[in-house]
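Since the structure comes first, as structure tokens, the remarks are kept for the end.
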Number of protein chains: 2
Amino acid sequence: MKTTRQRAILSLIATRPVHSQEELAHMLEQQGYEVTQATVSRDIKDLGLAKVPLRNGNGNGTQFKYVEPGLGKGYASRLHRVIAELVRDCRGSVNQIVLRTPPGSAMLVASAIDEAAWPEILGTLGGDDTVLVIIEDPAKLPVVKQRFEDMRSEDPL
Amino acid sequence: MKTTRQRAILSLIATRPVHSQEELAHMLEQQGYEVTQATVSRDIKDLGLAKVPLRNGNGNGTQFKYVEPGLGKGYASRLHRVIAELVRDCRGSVNQIVLRTPPGSAMLVASAIDEAAWPEILGTLGGDDTVLVIIEDPAKLPVVKQRFEDMRSEDPL
DNA sequence: ACGCCTGTTGCATAATTATACGAAATATGT
DNA sequence: ACATATTTCGTATAATTATGCAACAGGCGT
């Protein structure tokens, strides 16, 4: 069904950077939607998604990603914006990730994470300048941590 | 010069919808900048411009345009962004303005206001979910309050 | 001046994205 | 049910966009 697939697209681009329509088609395939790049192109048009260049920390080889316009700048979600702006450091151990923020903003970051409701995350605790994120399964920690790192480093221009 | 040309690009896309990089190159040519599509592509990357599909009400033949993400609906400054995102309410009396925020983010808002260093503002106090802004002259309060309100009304989320 | 570095650009082409068209599916009316 | 629109989608291809590379330009220290 077109509409459910398009919902899946919105969900995908909100959680990780999607660099091309082919990539998106493959991701959808892994979720059971068999579609071609042509269909993805049409979906993107329907959804009004914007393609924005990424400031990729390293050198050349620019990449892009698709975002929902209307979210300020090119952030894919409110969580993305909050993390890109406020998280200074990100470390993890066993099933815990500790995020450091400027003084006073930890609770804000924690609530943004809660709001996003990632299934791998059991919950968060926000102090003054520290957020503790509890991961359900220690094996999932690297994935979640990587996603945080991505949001931090793949800031739109 | 690259920077002046890029300024011209920003001005062009703000004025009329630009549907392709070739078209943009031609427009620039008419203003005296002789550039190829390749250069335009690089300028667009530098400027972080997003390519968004136009909902062309009528028939098929979709078109696109380039936009400055964040600036159309977006934020002129860090303070703008913070206020748009975090300030839930804004009231004032005599020479004081009270801003209400989500729990835990008041200090963040207060420090953003401090950082902006508006001359009319004597100082701020940030608690948990409340910021107190002290205005120098009660007569200036409506002006400052209006500026907060303006920033608040442009929240894109 | 000379060499060296950094940045900008055009050319040609690779990579990506959009679309015309026909087929299959789905809806709509009779 | 049947015929007729309308929608959706894949294929192939056109259109658009990005980039490797070489050339050139300016800055800077020697």
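Just the heavy atoms: all of them, side chains too, but no hydrogens, waters or symmetry mates, feed the values below. Letters go in sequence order (proteins before strands), and every chain restarts at 1.
Both Thr36(B) and Lys51(B) lie close to DNA chain C; mapped to their nearest nucleotides by heavy-atom distance, the more 5′-ward contact belongs to Thr36(B). Where Val35(A) and Glu22(B) each meet DNA chain D at their nearest nucleotide, the meeting point lying more 5' is that of Val35(A).
At distances below 3.5 Å, not a single donor-acceptor pair connects side-chain atoms of Ser93(B) with backbone N or O atoms of Gln96(B). Side-chain N or O atoms of Gln146(A) include none that pairs as donor or acceptor with a backbone N or O of Pro142(A) at under 3.5 Å.
As a whole-Å value, the separation of Leu28(A) CG from dT8(D) C1' is 16 Å. Glu29(B) has its CD atom 15 Å from the C1' atom of dT9(C), to the nearest Å. Going from atom NZ of Lys45(A) over to atom C1' of dT16(D) covers 15 Å, rounded to whole Å. Distance, Phe64(B) CZ to dT17(D) P: 9 Å, rounded to whole Å. In this structure, CG of Asp43(A) is placed 14 Å from P of dT17(C), rounded to the nearest angstrom. For Lys65(A) and dT17(D), the NZ to P distance is 21 Å, given to the nearest whole Å.
With 3.5 Å as the limit, one finds a donor-acceptor pair spanning the side chains of Gln6(A) and Asp46(A). Checking Glu22(B) against Gln37(B) by side-chain atom types alone, no donor-acceptor pair falls below 3.5 Å.
Within 3.5 Å, a donor on the side chain of Arg42(B) pairs with an acceptor on the base of dG10(C), or the reverse. Below the 3.5 angstrom threshold, one finds a donor paired with an acceptor across the side chain of Gln37(A) and the base of dA18(C).
In this structure, Glu34(A) reaches the sugar-phosphate backbone alone: every heavy-atom distance under 4.0 Å involves primed, P, OP1 or OP2 atoms, never a base. Nucleic acid contact class of Tyr66(B) (heavy atoms, under 4.0 Å, all strands): sugar-phosphate only.
Of all nucleotides listed (dT19(C), dC9(D), dA18(C)), dA18(C) comes nearest to the side chain of Gln21(A). Between dA18(D), dA18(C), dG10(C), one nucleotide has an atom nearer to the side chain of Thr39(B) than all others, and that is dG10(C).
Glu120(A) and Arg147(A) are joined by a salt bridge, as a carboxylate oxygen and a charged side-chain nitrogen come within less than 4.0 angstrom of each other.
Under 4.0 angstrom from either OP1 or OP2 of dT17(C) there lies no side-chain N or O belonging to Ser41(A).
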